[in-house]
*Asks:* 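Dropping a structure here in structure tokens format, bear with me for questions.
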Number of protein chains: 2
Amino acid sequence: MAVTIYDVAREANVSMATVSRVVNGNPNVKPATRKKVTACIERLGYRPNAVARGLASRKTTTVGVIVPDISKSYYAELSRGIADVATMYEYNIILSNSDKRPLREIELIEDHLGKQVDGLIFMSDSISEDVRKEMISANVPIVLAGTHDTELDFPTVNIENKKAAYHAVNELIANDHKRIAFISGPFSRDINRLAKKTGYEEAMSEAGLSIPEGYIVETDNTYDDAYEVWNRLRKLPEPPTAIFAGNDEIAVGLMNGIRDAGLTVPDDIEMICFQHSLLARAVRPQLTAIRVPLYDLGAVSMRLLTKLMNGEEVDQQQVVLPYQVEERDSVRKK
Amino acid sequence: MAVTIYDVAREANVSMATVSRVVNGNPNVKPATRKKVTACIERLGYRPNAVARGLASRKTTTVGVIVPDISKSYYAELSRGIADVATMYEYNIILSNSDKRPLREIELIEDHLGKQVDGLIFMSDSISEDVRKEMISANVPIVLAGTHDTELDFPTVNIENKKAAYHAVNELIANDHKRIAFISGPFSRDINRLAKKTGYEEAMSEAGLSIPEGYIVETDNTYDDAYEVWNRLRKLPEPPTAIFAGNDEIAVGLMNGIRDAGLTVPDDIEMICFQHSLLARAVRPQLTAIRVPLYDLGAVSMRLLTKLMNGEEVDQQQVVLPYQVEERDSVRKK
DNA sequence: TTGAAAGCGCTAACAT
DNA sequence: ATGTTAGCGCTTTCAA
């Protein structure tokens, strides 16, 4: 049996209330008493039971994190940002994978609420109606990280995806390209459909460029799927001369497909992409990319959540983080 | 105020004990009663409070996972294996990053124990004496995943690292190489020092090959550090003609360094490495590698932990998982 | 500055 | 098959 607050109280000849005060740093304790109690805590190796504490105080100092798949570098990096800020504010994290399945997401939200988390960080491709309902009726604050919220129901932290996409495509346009394709991740992901694709379309449209049939390709976001894409692109009446890729895994798959077809990047095809991992820098040629601050995305989300959990007023419910362009070798320098 | 078991009991005209039985699937409930209670639960939107349940039952159905850094693909993949099996057995996971700092590790173990986790999965480069003491005195089962335990104090799940290293080096030897270098991650990691390095040395020794000064290089496990390594290697009196790398990130950094020095893999230098991520497959030439089943490593660790938490007898305290060699293009086919 | 006592919401004997 | 009751280990009034 573990040692409890009672054992310490008895040993120190004080009431359990006093021990509780000492443990919680309550100033209303005579220094002498505090010292005596602290000594007993030390001697007995007393460690407060966070579960009992949670039941009594109705706060668990635990937050839930629901992520599509922690094994993806995107979410792994983001989660590290969340975790570090959580540690800073003395929260623990319950981490669960949803695989973006709405039913599973609902299950997880309920599960986490049952565990009495003090707040929740949620990530997904899109918010289904049932998930939205579930989250609206939750009794703890919820922050969306890297996740689009069409209804603006929840506090959200995101990158300037649309602007970044617009920017990226314009880098290609500046190099005199007329035939620019967009190879995307799944359009079931709001950010792909509503932000990156729109940024691409606006840049093309403003430059007076058309987007022929087949220039917008939806992949499942994997290297292997992207590898096959060039085989389709090359058969187009007018194959693209430049490519904007939704992320670096897609870009690398595609680039290898291009290379294995006997073409060269950037001589034959120029490419730019969003960068989520080391990949963009590890391949040759290194990929010119929009660097996405994933760690910060997580950190800022968690910071926002601490404020919400603390009942603080938050002026910015929709936080947007800046991106950065890393000029490398898949786009020719002017 | 959330709805409690009392509210349901009152609403259904039964005792709270009966509600508890229904919630917990206890068979000693008349079907009619069960139905009535279930209806009330549904109507009131009752959700059991896991904290109260944990306090009363002394089980939280939560396990702690202490990982060096979740943003590293190695641990991200491994953690996904843990998480999936945890879900299967209805456990939640509290995930914390230690950065391998022993003081932080101890802090985290105590923190997790305070949260009353039912078990712990621990990962690190090495077990410090203080950490060992802390873990030995823990009152819940602890499994080490991908972590060497020199004292065999704890149940452990690992890959056959030494045998795999031995195997890898022999692939190079079979291609008639005499000058084979080993580029490793930090030797503060037991697995690098005690398993991979030993496998390398044994293979070399058995083949009657010497290991000249400078052939064993310790890196900090990063792409950038590895990139610089070739600059040192090339200046050796007899530079190596083949390289065994501790993982694919090292290998890719090194390979790019080699390429930027004007040499070609595998024509000038052949390479083999341990594979932890997509990297080995995404670069060109693709890297011949020892594929490490990280997901399985996590899954098996968690499965082992469930048995331990369940008080089941476990015959194998030291589980060793097989590896697999993926023949690709950084080693010439015979 | 300290103590007494009433919960927090549930499980798990024990009774019936 | 169902109900009663005593905790689980703490926080938090309220008194003193």
Side-chain angles (χ1 to χ4, degrees), chain A residues 1-38 40-41 44-62 90 110-111 113-118 139-140, chain B residues 1-38 40-41 44-62 90 110-111 113-118 139-140:
Chain A
M1 202 79 283
V3 12
T4 74
I5 200 169
Y6 278 105
D7 302 322
V8 178
R10 194 181 325 112
E11 186 83 2
N13 278 309
V14 297
S15 73
M16 56 172 306
T18 299
V19 180
S20 175
R21 289 190 187 95
V22 171
V23 168
N24 293 296
N26 185 316
N28 291 329
V29 180
K30 201 163 51 171
T33 319
R34 179 182 305 280
K35 200 172 160 192
K36 185 174 58 175
V37 171
T38 308
C40 289
I41 287 178
L44 300 184
Y46 168 69
R47 181 193 300 125
N49 180 324
V51 172
R53 182 181 273 182
L55 184 58
S57 69
R58 305 157 148 293
K59 291 191 302 169
T60 55
T61 60
T62 300
E90 307 203 87
E110 297 198 326
D111 182 24
L113 293 177
K115 292 258 169 162
Q116 313 303 117
V117 294
D118 296 334
N139 55 342
V140 297
Chain B
M1 200 80 286
V3 14
T4 74
I5 202 170
Y6 278 105
D7 302 322
V8 178
R10 192 180 329 109
E11 184 84 4
N13 278 307
V14 297
S15 74
M16 57 173 305
T18 298
V19 179
S20 175
R21 289 191 187 95
V22 170
V23 168
N24 293 295
N26 185 315
N28 291 328
V29 180
K30 201 162 53 174
T33 323
R34 178 182 305 280
K35 199 172 161 193
K36 184 174 59 177
V37 171
T38 308
C40 291
I41 289 178
L44 301 183
Y46 168 69
R47 181 192 300 124
N49 180 323
V51 173
R53 183 182 273 183
L55 185 58
S57 68
R58 304 156 150 292
K59 289 190 302 169
T60 55
T61 60
T62 300
E90 308 202 86
E110 296 198 327
D111 182 24
L113 293 177
K115 292 257 169 163
Q116 312 303 118
V117 294
D118 295 335
N139 57 342
V140 298

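Letters go in sequence order (proteins before strands), and every chain restarts at 1. Computed from heavy atoms alone, side chains included, the values below leave out hydrogens, waters and symmetry copies. Because the structure is predicted, anything quoted here is derived from the model rather than measured.
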*Asks:* Give the nucleotide from the list D/dC8, C/dC8, D/dT2 with an atom nearest to the side chain of A/Arg58.
*Replies:*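 That would be C/dC8.
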*Asks:* Taking CZ from B/Arg53 and P from C/dT11, how many angstroms apart are they, rounded to a whole number?
*Replies:*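 To the nearest whole Å, that distance equals 5 Å.
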*Asks:* Side chains of residues 23-30 of chain A: which donor-acceptor pairs under 3.5 Å do they make with residues two or more places apart or in other chains?
*Replies:*
from	atom 1	to	atom 2	distance (Å)
A/Asn24	ND2	A/Ser20	O	2.8
A/Asn24	ND2	A/Ser20	OG	3.3
A/Asn26	OD1	A/Asn28	N	2.8

*Asks:* Let me know the distance between CG of B/Asn26 and P of D/dA1, rounded to the nearest Å.
*Replies:*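 For the pair B/Asn26 CG and D/dA1 P, the rounded distance is 9 Å.
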*Asks:* Which whole-number value in Å describes the distance from A/Gln116 CD to C/dG9 P?
*Replies:*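 Rounded to the whole Å, the gap is 9 Å.
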*Asks:* Considering only side-chain heavy atoms of B/Asn49, which listed nucleotide, D/dT2, C/dG9, D/dG9, is closest?
*Replies:*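 Closest of the options to the side chain of B/Asn49: C/dG9.
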*Asks:* Under the rule for side chain to side chain donor-acceptor pair (under 3.5 Å), what residues qualify as partners of B/Lys36, not counting sequence neighbours?
*Replies:*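 Applying side chain to side chain donor-acceptor pair (under 3.5 Å) to B/Lys36 gives none.
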*Asks:* What is the separation between atom CG on B/Asn28 and atom C1' on C/dT16, rounded to the nearest whole Å?
*Replies:*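 These atoms are roughly 14 Å apart.
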*Asks:* Once side chain to side chain donor-acceptor pair (under 3.5 Å) is applied, do any residues pair with B/Glu11, and if so which ones, sequence neighbours excluded?
*Replies:*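 Side chain to side chain donor-acceptor pair (under 3.5 Å) list for B/Glu11, sorted by chain: B/Arg43.
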*Asks:* Restricting to nitrogen or oxygen on both sides, can you table the protein-nucleotides 14-16 of chain D pairs closer than 3.5 Å?
*Replies:*
none

*Asks:* Which residues, if any, of residues 8-20 of chain A bring a heavy atom under 4.0 Å of DNA chain D?
*Replies:*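 Close to the strand are A/Met16, A/Ala17, A/Ser20.
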*Asks:* So if I take the C1' atoms of five pairs at each end of the helix from C/dT1-D/dA16 to C/dT16-D/dA1 and get each local axis, what angle do the two axes make, rounded to 10 degrees?
*Replies:*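 So the angle between the two local helix axes works out to 30°.
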